[in-house]
There are 2 protein chains.
Amino acid sequence: MSFNLLKANFLKHTSLTDDELNSINHYYEERQVDKGEYILRQGDICRFEGFVTKGCFEISTTDSQGNERILYFAAQDWWVMEIDSFISQTSSELDIKAIEPSRLLVITKTDKEKLYQEVPKAERLFRVMSQRAVVAWQRRLIRNHTMTAEERYFHFLKTYPEISQRITNKQIASYLGITQEFVSKIRKKNLSRGK
Amino acid sequence: MSFNLLKANFLKHTSLTDDELNSINHYYEERQVDKGEYILRQGDICRFEGFVTKGCFEISTTDSQGNERILYFAAQDWWVMEIDSFISQTSSELDIKAIEPSRLLVITKTDKEKLYQEVPKAERLFRVMSQRAVVAWQRRLIRNHTMTAEERYFHFLKTYPEISQRITNKQIASYLGITQEFVSKIRKKNLSRGK
DNA sequence: ATCGTTTATTGAACTAGTTTAAGGGTTTTG
DNA sequence: CAAAACCCTTAAACTAGTTCAATAAACGAT
């Protein structure tokens, strides 16, 4: 059952009683999304916070020259939202698209506020989750400054082996901030060595 | 008075009663730091969370080849800590050094936990702060992927005009993830145009 | 003031990664 | 199943940013 995934995710971050867990879960609703379907587009206001239970999403920006840059992938057990747009209910700078048939548990902005009031412990839960997210983003920035494209490519394959196999090289390139052609070169160069 | 800066910072993120503010402030202690002094070194455990009231700090990593990479600067009104090391009390990957004679309000890990218990609203406060931090780190990553070094340089000058004037070009270069020499070239190229 | 150290600038040679273009392969869709 | 659309690879030409080295300028400690 999908809610169990969500519960397990919550318990990774803080301890919660069964009552608290049930109250929290109560606010989430499952939603199915087709492959290729956008659940948010640049310019829209993000009215949900989602937890992926199946499939995979791609979170990206498109710059002025029309280049798509993938910020991250969200597969099972990941959170997906435009955090800035969701918290301040302003226009989104990101697109969110399902890249596989997917399912998510969603909560609306108003329900999220109700949830914080009904279950104060949820503040702690999301505080801890957000702090861990800060760590992850900082680490990624450091990697971009200290590692070469080739190192970052193999780091990605090693860190996300399952996701790597479900996406195209073009998507990996976009995530790493390099071109598809350069990923091809890296792969060719390392063909012999079983990297 | 320094605590007023801290209070004002808290109130930017959520509403708090005077009682709550006073309880929170009570846990913070002011500390003075000399120019050049490290308040944290790679490998140490970060036992404090600091709020800068005067001066400026540099938060950096040193990679295997001995290159220092500056992750961010923290001047007045910024938070300074090794967030990963502080929350999980593990060995720090970052150095934190005062680059001017500075002052900060610090809270220890144990006092921070006490604070969360005494003032439950603090969970909300730091939840909101952390979420905003996530937004900022995401945006910076996107800028690194979509803007050239030159664009990032001028974006930095424009976004942090006061800090820009207090640090060296070498430090800006390190923050931007480029070389000092390339910053020189960018500056030379743009000398005429009053950029 | 002065010595030593760190920083800024410049230029030449270099390289990691891009661009453009073309051909072949694989999905997706009707 | 065919057409369209997208993806992957390759190669040649290019460019943004680096490296190295040398000199001048600014800063900090005594």
Side-chain angles (χ1 to χ4, degrees), chain A residues 34-38 55-56 58 60 62-70 73 97-101 143-157 163-192 195, chain B residues 34-38 55-56 58 60 62-70 73 95 97-101 143-157 163-192:
Chain A
D34 291 336
K35 179 172 177 172
E37 189 179 338
Y38 282 82
C56 190
E58 170 194 292
S60 61
T62 304
D63 68 19
S64 45
Q65 288 112 65
N67 303 310
E68 179 186 271
R69 297 291 183 167
I70 297 175
F73 301 100
K97 182 174 78 173
I99 57 174
E100 295 177 1
R143 284 198 300 277
N144 278 326
H145 280 185
T146 53
M147 294 165 70
T148 63
E150 183 168 343
E151 287 166 340
R152 268 145 52 213
Y153 174 72
F154 287 112
H155 179 271
F156 181 82
L157 295 194
I163 294 180
S164 302
Q165 275 154 7
R166 290 150 69 184
I167 61 180
T168 65
N169 291 336
K170 196 188 175 191
Q171 287 170 313
I172 298 182
S174 173
Y175 173 91
L176 296 175
I178 58 178
T179 60
Q180 189 183 178
E181 290 87 346
F182 197 62
V183 166
S184 262
K185 278 192 199 174
I186 293 171
R187 287 158 58 84
K188 192 187 178 189
K189 188 181 152 201
N190 291 277
L191 261 190
S192 37
K195 262 185 161 173
Chain B
D34 290 337
K35 178 171 178 174
E37 189 179 336
Y38 282 82
C56 190
E58 170 194 293
S60 62
T62 304
D63 68 19
S64 44
Q65 289 112 66
N67 303 310
E68 179 185 272
R69 297 292 184 166
I70 297 175
F73 301 100
D95 286 313
K97 181 174 79 175
I99 56 174
E100 295 177 0
R143 284 198 301 276
N144 277 327
H145 281 186
T146 53
M147 295 164 71
T148 63
E150 183 168 342
E151 287 165 340
R152 269 145 52 214
Y153 174 72
F154 287 112
H155 179 272
F156 182 82
L157 294 194
I163 294 180
S164 302
Q165 276 154 7
R166 290 151 68 184
I167 61 180
T168 64
N169 290 336
K170 195 188 175 190
Q171 287 170 314
I172 297 182
S174 174
Y175 173 92
L176 297 175
I178 59 178
T179 60
Q180 188 181 180
E181 290 89 342
F182 197 63
V183 167
S184 262
K185 280 192 197 173
I186 293 171
R187 287 158 58 84
K188 192 186 178 190
K189 188 181 152 200
N190 290 278
L191 262 188
S192 39

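The figures here come from the full heavy-atom set of this structure, side chains too, leaving out hydrogens, waters and symmetry mates. In the text below, chain A, chain B and the rest are named by the order of the sequence lines, each starting its count at 1.
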Novice: For A/Y153 and A/L176, which heavy atoms make the closest approach, and how far apart are they?
Specialist: CA-CD1, 3.6 Å
Novice: Grab the two heavy atoms, one from A/I99 and one from A/Q171, that are nearest each other, plus how far apart they are.
Specialist: CG2-NE2, 3.7 Å
Novice: How close or far is atom P of D/dG17 from atom CG of B/L176, stated in whole angstroms?
Specialist: 11 Å
Novice: Can you measure A/I178 atom CD1 to D/dG17 atom P for me and round it to whole angstrom units?
Specialist: 16 Å
Novice: Over how many whole Å does the gap from A/I99 atom CD1 to D/dC7 atom C1' extend?
Specialist: 14 Å
Novice: On DNA chain C, nearest-nucleotide positions of B/Q180 versus A/F182: which is more 5'?
Specialist: B/Q180
Novice: Please report the distance, rounded to the nearest Å, between CG in B/D34 and P in D/dA29.
Specialist: 11 Å
Novice: Name the closest nucleotide to the B/E181 side chain, picking from D/dA11, D/dA21, D/dG17.
Specialist: D/dA21
Novice: Find the distance B/K189:NZ to D/dG17:C1' and express it as a whole number of Å.
Specialist: 12 Å
Novice: Whole angstroms only, please: what is the CD-P distance between B/E100 and D/dC27?
Specialist: 14 Å
Novice: For B/V183, run the side chain to side chain contact (heavy atoms under 4.5 Å, CB included) check against B/K185, B/R187, B/E181 and tell me which one passes.
Specialist: B/R187
Novice: Measure from the side-chain N and O atoms of B/S60 to the backbone N and O of B/E68, and report whether any donor-acceptor pair falls under 3.5 Å.
Specialist: no
Novice: Looking at A/A98 and A/D34, what are the two nearest heavy atoms and their distance?
Specialist: CB-O, 3.4 Å
Novice: Start at the 5' end of DNA chain D and walk down; is the nucleotide closest to B/G177 or to B/K35 reached first?
Specialist: B/G177
Novice: Got a donor-acceptor contact below 3.5 angstrom from the A/R69 side chain to the B/R143 backbone?
Specialist: no
Novice: With heavy atoms of chain A within less than 4.0 Å as the criterion, where does contact along DNA chain C begin and end?
Specialist: C/dG17 to C/dT28
Novice: Hey, does B/S184 reach any base, or is it just sugar-phosphate, or nothing, if we go heavy atoms under 4.0 Å?
Specialist: base
Novice: Return the value, rounded to whole Å, for the distance between atom NZ of B/K170 and atom C1' of D/dC27.
Specialist: 14 Å
Novice: Between B/N67 (side chain) and B/D63 (backbone), is there a donor-acceptor pair under 3.5 Å?
Specialist: no
Novice: Reckon A/K188 has a side-chain N or O less than 4.0 Å from the OP1 or OP2 of D/dC8?
Specialist: no
